[in-house]
Colleague: 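Please read through the structure below; I'll follow up with questions.
A, B, ... follow the sequence lines: proteins, then strands. Residue 1 opens every chain. When reading the values below, keep in mind they use all heavy atoms of this one structure, side chains included, and skip hydrogens, waters and symmetry mates.
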Amino acid sequence: QKEVEQDPGPLSVPEGAIVSLNCTYSNSAFQYFMWYRQYSRKGPELLMYTYSSGNKEDGRFTAQVDKSSKYISLFIRDSQPSDSATYLCAMSVSGSARQLTFGSGTQLTVLP
Amino acid sequence: GAVVSQHPSRVICKSGTSVKIECRSLDFQATTMFWYRQFPKQSLMLMATSNEGSKATYEQGVEKDKFLINHASLTLSTLTVTSAHPEDSSFYICSATGTLYILRSEQFFGPGTRLTVL
């Protein structure tokens with residue numbers, strides 16, 4: 001079993017839809033949770049960063065962490081074609097950037 | 001955020017040759033740099049971690065004699081794929097972090113290098 005599981009998709013939604021992306025994990029020691037966005041043939045860029053359980057909102061993006069269920073989500077409201085990318089979740093035990101464990105990524109396409 | 005560049009963006013080489021990929025942090029001092037490999041529709045697989053001035057730490061299963069990593073300065077790390085073979089064809093991505101970012105778990109990624117070995 002992988003430490004971090006993420007549905008690879010692909011996921012296609014119409015413009016304006018609410019998108020829900022999810023990851024589950026097995027290591028209960030993870031405390032820091034991140035979402036990265038990766039456009040085709042580019043390196044990932046950090047989108048959201050959260051610590052422990054709870055919600056964090058940034059514009060159209062909301063990150064949610066449920067440590068009791070070992071489940072994290074990223075919601076995208078009013079999705080745009082420019083949101084089309086692969087979204088990777090990442091986790092860390094210590095908070096150190098030296099120790100990130102990535103999910104496999106979910107490929108999202110937002111259709112105009 | 002900080003900027004990391006990678007060069008070249010794409011390289012095609014013949015089997016048996018060596019290829020060098022450069023990773024530079026442009027506006028911060030990268031005390032730690034990471035090299036990842038990514039196959040299509042798969043996640044980033046960490047290959048090695050390098051701290052400036054030290055030998056790289058390789059992940060299990062990664063041949064250190066095949067993937068030579070040098071981190072000679074606070075802004076530059078290089079990955080050399082020696083005697084490349086078709087199975088080494090992949091997308092190689094570097095990332096970097098520094099003192100200001102490391103406690104925020106933040107790594108800054110380069111744009112990646114597509115290596116194709118014929």
Colleague: Consider only side-chain heavy atoms of I, L, V, M, F, W and Y, link residues closer than 4.5 Å, and tell whether B:L44 and A:M34 are in one cluster.
Modeller: yes
Colleague: Given that the side chain runs from C-beta out, which part of B:Q6 has a heavy atom under 4.5 Å from chain A: side chain, backbone, both or neither?
Modeller: neither
Colleague: Indicate if A:W35 and A:Y39 have the same hydrophobic cluster label, given that clusters are the connected sets of ILVMFWY residues with side-chain heavy-atom separations under 4.5 angstrom.
Modeller: no
Colleague: Tell me whether B:L68 shares a hydrophobic cluster with B:V11, the cluster being built from Ile, Leu, Val, Met, Phe, Trp, Tyr side chains joined at under 4.5 Å.
Modeller: no
Colleague: Hydrophobic cluster membership, with links at side-chain heavy-atom distances under 4.5 Å among I/L/V/M/F/W/Y: are A:I72 and A:F75 in one?
Modeller: no
Colleague: Which distance, rounded to the nearest 0.5 Å, do you find between the CZ of A:R41 and the CZ of B:F91?
Modeller: 8.5 Å
Colleague: Please report the shortest heavy-atom distance between B:S43 and A:F102, naming the atom on each side.
Modeller: OG-CB, 3.3 Å
Colleague: Do A:Q38 and B:I93 pass the side-chain contact (heavy atoms from CB on, under 4.5 Å) test, and can you show the C-alpha distance, the side-chain angles, and the key distance before you say yes or no?
Modeller: CA-CA 12 Å; A:Q38 184 178 18; B:I93 306 177; 3.6 Å; yes
Colleague: Looking at CG of A:L88 and CZ of B:F109, how far apart are the two atoms once the value is rounded to the nearest 0.5 Å?
Modeller: 8.0 Å
Colleague: Same cluster or not: A:L11 versus A:M48, using hydrophobic residues (I, L, V, M, F, W, Y) connected whenever any side-chain heavy atoms lie under 4.5 Å apart?
Modeller: yes
